[in-house]
Amino acid sequence: MEGGGGQELSTDNVKGIVLALLSSGFIGASFIIKKKGLRRAAVASGIRAGVGGYSYLLEPLWWVGMITMIVGEIANFVAYAFAPAVLVTPLGALSIIVSAVLAHFILNERLHALGVLGCVMCIAGSVVIVIHAPQEQEITSVREIWNMAIQPAFLLYVASVIVVVFVLVFHFSPLYGQSNVLIYTAICSLMGSLSVMSVKALGTSLKLTFEGTNQLVYPETWFFMLVVATCVLTQMNYLNKALDTFNTAIVSPIYYVMFTTLTILASVIMFKDWSGQSLGSITSEICGLIVVLSGTILLHVTKDYERIPQSRSIYAPLSPSLTTRLNGDLLKHVEGERNSDEEKALRRQEMY
């Protein structure tokens with residue numbers, strides 16, 4: 001197998017691929033387990049996570065899902081220490097496939113022919129990316145990564161992400177978070193792109209430490225650890241809100257598409273993953289990524305449409321993207337006579 005413009009796929013890249021595949025399996029299953037835990041918690045307490053409830057913290061099934069996700073994230077964490085983000089991140093599409101198949105059998109979110117086609121596209125695109133993936137850079141110290149992180153171009157990206165996240169959290173989330181799926185998923189994705197860069201830095205530091213070159217003596221290692229903790233906690237909070245408010249078939253693919261695109265952008269800026277690759281290899285990777293993203297969108301549209309019962313099909317003919325644009329006005333009209341916040345939240349969930 002070849003990658004990075006004709007070179008053999010390195011041993012480190014192979015390790016990264018295997019770990020990324022294992023991660024996708026665990027994370028895909030965790031979406032479904034956590035979703036069932038959130039439902040149980042909402043029934044038991046009467047207050048859903050989407051409207052500020054935290055009763056899911058007392059639900060054992062939710063914790064099973066969280067532990068499953070943690071195992072998957074640990075595998076993903078280690079994968080970034082061996083392979084570039086351009087290779088590892090798109091393989092997360094397989095978690096969407098796992099999630100879709102399990103949702104079909106466990107949550108009764110039906111998966112039909114076009115959904116299967118979406119799964120096949122995700123797999124095909126992932127294979128193309130693996131074949132043409134760049135080689136991992138040789139890094140001997142965490143300070144090398146720090147120098148990459150303080151490049152003007154990457155600092156501009158970080159500043160932009162922080163500003164956008166603050167605007168989404170403090171302005172748009174209170175107003176539109178319960179009706180627009182893009183709010184919560186955008187917050188998760190933007191923070192996720194920063195967390196992956198820090199995870200890669202921290203993972204590389206630990207890898208070098210285990211190999212005999214102690215990186216824990218450098219303050220940069222601890223700074224990256226703090227960034228990882230902050231970003232992951234923020235992602236977890238808003239991902240829970242998104243999963244509880246909207247259909248899994250909507251949240252998972254949109255989150256994946258946004259997260260993957262932003263992470264690859266951040267990695268290309270910070271680590272210059274495409275530096276030294278041929279134009280053909282870069283084009284192939286981009287085409288593979290487009291196929292993967294198209295597959296997840298197809299899977300998303302198909303599942304969202306087919307899950308809605310015909311008795312509630314007033315919104316069924318609309319694609320999710322169109323529903324997202326229109327639902328603000330539509331929900332105001334439908335819920336005009338509703339008084340309590342809980343009734344509003346439950347009604348929105350039924351629409352999705």
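Throughout, numbering of the chain's residues begins at 1 and tracks the sequence. Side chains are part of it too, since the values below use all heavy atoms of this structure and drop only hydrogens, waters and symmetry mates.
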Closest heavy-atom pair and its distance - [X], [Y]:
X	Y	answer
D273	V268	OD2-N, 4.1 Å
P134	N13	O-ND2, 3.3 Å
Y157	A266	CE2-CB, 3.6 Å
P90	I264	CG-CD1, 3.9 Å
S173	Y238	OG-CE2, 4.1 Å
A83	V88	CB-CG2, 3.7 Å

Distance (rounded to the nearest 0.5 Å) between [X] [atom1] and [Y] [atom2]:
X	Y	atom1	atom2	answer
M258	L293	CE	CG	12.0 Å
L265	T260	CG	OG1	12.5 Å
F246	I254	CZ	CD1	9.0 Å
I269	L155	CD1	CG	11.0 Å

Closer than 3.5 angstrom, by distance alone: can the side chain of [X] be matched with the main-chain N or O of [Y] as a donor-acceptor pair?
X	Y	answer
S195	V232	no
E59	L38	no
T261	V257	yes
Q277	H132	yes
K34	M66	no
T209	Q215	yes
N237	L233	no
S189	A186	no
S23	G72	yes
S294	I290	yes

List for me each residue that meets side chain to side chain donor-acceptor pair (under 3.5 Å) alongside K36, sequence neighbours excluded, and say none if there are none. none

[X] vs [Y] side-chain heavy atoms within contact, under 4.5 Å:
X	Y	answer
V142	L208	no
T89	F259	yes
I33	L61	yes
Y176	L182	no
V165	M191	yes

Is there a path of hydrophobic side-chain contacts, each under 4.5 Å between heavy atoms of I, L, V, M, F, W or Y residues, that connects L94 with V128? no

Please say yes or no: joined through hydrophobic side-chain contacts below 4.5 Å, possibly via intermediate residues, are M236 and F26 part of one cluster? no

Does the ring center of Y218 lie less than 6.0 Å from the ring center of W146? no

Among V18, I17, L19, side chain to side chain contact (heavy atoms under 4.5 Å, CB included) partner for L21: I17

Chi angles and distances behind the side chain to side chain contact (heavy atoms under 4.5 Å, CB included) call for K207, V78: CA-CA 9 Å; K207 176 187 172 185; V78 180; over 6 Å; no

Can you tell me if [atom1] on [X] sees more than 12 non-hydrogen neighbours from other groups inside 6.0 Å?
X	atom1	value
F223	CZ	no
E138	CD	no
F77	CZ	yes

